[in-house]
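To start, the structure under review is shown below, and the notes come after it.
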Amino acid sequence: MEPTKKHDVFQAIADKTRRDVLRLLAEKKELPISAISAHFPISRTAITKHLNILAEANLVQSRKSGREKIYHLHPEPLTELKQWLSFYERFWENKLSILKHVVENKERM
């Protein structure tokens, strides 16, 4: 039996700093916590807390390298988010189609 996670993907990405950490790791592949912290105006302890939440949601994984932890993105859990959002895409697509229709019809006038 898998242990219950404290945070899920939705909770993990709810915070802008955590989304920014995910983007940073997506761009840089792997980073030690010191390099991650250098990108943010908050303490290393705060970044560690954010990384722990991301790890609980299985969005990041870490490995030890000497005395430092190296973090990397584990994007697979984001598929849950993508599947959830895909249901709502039809509403966005519908709005864009209506906007396109309105703009094209105004141009003909």
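Predicted model only: the values in this text are computed from it and were never measured.
The residues Lys49 and Glu56 are annotated as not salt-bridged, no charged nitrogen and carboxylate oxygen being separated by less than 4.0 angstrom.
The main-chain N or O of Ala46 is found under 3.5 Å from a side-chain atom of Ser43 such that the two form a donor-acceptor pair. Side chain of Gln83 to main chain of Glu80: no donor-acceptor pair is present (N/O by atom type, distance under 3.5 Å, no hydrogens or angles). Checked by atom type and distance alone, the side chain of His74 pairs as donor or acceptor with a backbone atom of Asn58 at under 3.5 Å.
Annotation: the span from Ser62 atom OG to Leu31 atom CG amounts to 13.0 Å, rounded to 0.5 Å. Rounding to the nearest 0.5 Å places NE2 of His39 at 13.0 Å from CZ of Arg23. Note that the OG1 atom of Thr17 and the CD1 atom of Ile36 stand 12.5 Å from one another [nearest 0.5 Å]. Taking NZ of Lys29 as the start and CD of Glu27 as the end, the distance is 9.0 Å to the nearest 0.5 Å. Atoms CG and CG, from Leu22 and Leu73 in turn, are 6.0 Å apart once rounded to the nearest 0.5 Å. Considering CZ of Arg63 and NE2 of His72, their distance stands at 8.5 Å, rounded to 0.5 Å.
Residues meeting the salt bridge (Lys or Arg N to Asp or Glu O under 4.0 Å) test with Arg19, sequence neighbours left out: none. Qualifying salt bridge (Lys or Arg N to Asp or Glu O under 4.0 Å) partners for Lys16, counting only residues two or more places apart in sequence or in other chains: Asp20.
Considering every non-hydrogen atom in both Ser37 and Arg44, the closest pair reads OG-CG, 3.6 Å. Taking all atoms of both residues into account, the shortest heavy-atom contact from Arg18 to Ala12 is NE-O, 2.7 Å.
Partner of Tyr71 under the side chain to side chain contact (heavy atoms under 4.5 Å, CB included) criterion, chosen from Val21, Ile47, Leu54, Ile33: Ile33.
Placement of Val9 and Ile53 in two distinct hydrophobic clusters is found when ILVMFWY residues are connected by side-chain heavy-atom separations under 4.5 Å, directly or transitively. Under the 4.5 Å side-chain heavy-atom criterion for Ile, Leu, Val, Met, Phe, Trp and Tyr, Leu24 and Ile70 are members of distinct hydrophobic clusters.
Residue Lys64 places its NZ atom among more than 12 non-hydrogen atoms of other residues, nucleotides or ligands, all under 6.0 Å distant.
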